[in-house]
Amino acid sequence: MLAAFLFGIAAGSLLARGFVDRLRRPLVAYAVGIAAVGLLSLVSLSLLPLLPGAFMALVRRFGGTAGTLALSQFAVASCAMLPPALVLGALFPLLSRAQTAASGAASAVGDVYFVNTIGSALGAFSAGFVLLPWLGLRGTAAVAIAVNALACAALLFWHGHASARLRLGL
């Protein structure tokens, strides 16, 4: 699972590199990406009960050697983890681009790295030590999906008002 997740983040970031500089409104793309993470996480959550059967089907088909077991595990984990991880990987370059457009390159990347690091640490801690023990996997996933939806709505609302202020010259 971790390998599939890390691979997805790296691949998503690499893929985003090719188009992020051509975006006129990277913050809107970022908001859409946040919504996509929430939706893809919901799909991934629904796939979880199917993963053991898929793994066993691969083992029966390709055998139980160490290499085929590892590849089967990665393939099955990728079904659930790769789509949202690809989008998560693309979010960092999108936010960096949006912040660069707003405040300049040098400080923007530092700000995004700082907030990303703090958010990752707090998110991992709160999910692992607070939400999972309190709400379980499905409840924690529901909270994460709801937070993504709210963040998307807030960004689109803020961006809409910021665009209106710019159009009015305020």
Side-chain angles (χ1 to χ4, degrees), residues 1-48 74-128 130-131 135 137-170:
M1 296 290 275
L2 180 61
F5 183 73
L6 293 176
F7 175 78
I9 288 177
S13 184
L14 186 64
L15 292 171
R17 181 184 72 169
F19 70 84
V20 72
D21 288 332
R22 293 184 295 225
L23 294 173
R24 286 181 354 140
R25 293 188 276 172
L27 193 60
V28 172
Y30 179 78
V32 170
I34 288 174
V37 168
L39 289 173
L40 290 169
S41 296
L42 186 59
V43 170
S44 292
L45 190 61
S46 67
L47 289 176
L48 288 179
F74 183 77
V76 169
S78 292
C79 289
M81 298 299 295
L82 201 53
L86 284 168
V87 177
L88 278 171
L91 289 179
F92 189 84
L94 282 170
L95 187 57
S96 295
R97 174 70 174 92
Q99 187 67 12
T100 299
S103 66
S107 66
V109 175
D111 292 347
V112 171
Y113 267 109
F114 174 76
V115 171
N116 183 59
T117 302
I118 297 299
S120 295
L122 288 174
F125 176 82
S126 62
V130 178
L131 294 175
L135 300 174
L137 178 61
R138 290 199 182 279
T140 300
V143 167
I145 291 166
V147 167
N148 279 17
L150 288 171
C152 174
L155 280 169
L156 291 175
F157 179 78
W158 177 82
H159 186 271
H161 283 283
S163 296
R165 285 191 304 270
L166 287 173
R167 284 192 300 273
L168 294 173
L170 301 175

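Worth knowing before you read on, the calculation uses all heavy atoms, side chains too, and leaves out hydrogens, waters and symmetry mates.
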Under a 4.5 Å cut-off applied to non-hydrogen side-chain atoms, are [X] and [Y] in contact?
| X | Y | answer |
| --- | --- | --- |
| V115 | L95 | no |
| L88 | F5 | yes |
| T100 | V112 | no |

**Prompt:** Under the 3.5 angstrom rule, does the side chain of S13 hit a backbone N or O of I9 as a donor-acceptor pair?
**Reply:**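 Checked: no pair found.
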**Request:** Please check if the side chain of S41 supplies one atom and the backbone of I145 the other of a donor-acceptor pair under 3.5 Å.
**Result:**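 Not confirmed, S41 side chain does not pair with I145 backbone.
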Closest heavy-atom pair and its distance - [X], [Y]:
| X | Y | result |
| --- | --- | --- |
| L155 | A31 | CB-CB, 3.8 Å |
| C79 | L47 | O-CD1, 3.7 Å |
| A98 | P26 | CA-CG, 3.7 Å |
| D111 | Q99 | OD2-NE2, 3.8 Å |
| V87 | A36 | CG1-CB, 4.2 Å |
| P93 | A90 | CD-O, 3.2 Å |

Can you measure from [atom1] ([X]) to [atom2] ([Y]) and round to the nearest 0.5 angstrom?
| X | Y | atom1 | atom2 | value |
| --- | --- | --- | --- | --- |
| I34 | L39 | CD1 | CG | 12.5 Å |
| M1 | L6 | CE | CG | 12.0 Å |
| R138 | L45 | CZ | CG | 4.5 Å |
| F125 | L131 | CZ | CG | 10.5 Å |

**Message:** Applying side-chain contact (heavy atoms from CB on, under 4.5 Å) to L48 and L137, what does each step give before you reach the verdict?
**Reply:** CA-CA 11 Å; L48 288 179; L137 178 61; 3.8 Å; yes
**Request:** Would you indicate whether F74, at its atom CZ, is surrounded by more than 12 heavy atoms from other residues, nucleotides or ligands within a distance under 6.0 Å?
**Result:** yes
**Prompt:** So does F19 have more than 12 non-hydrogen atoms from other groups sitting under 6.0 Å from CZ?
**Reply:** yes
**Request:** I would like to know whether V28 and L23 meet side-chain contact (heavy atoms from CB on, under 4.5 Å); could you show each step before the answer?
**Result:** CA-CA 9 Å; V28 172; L23 294 173; over 6 Å; no
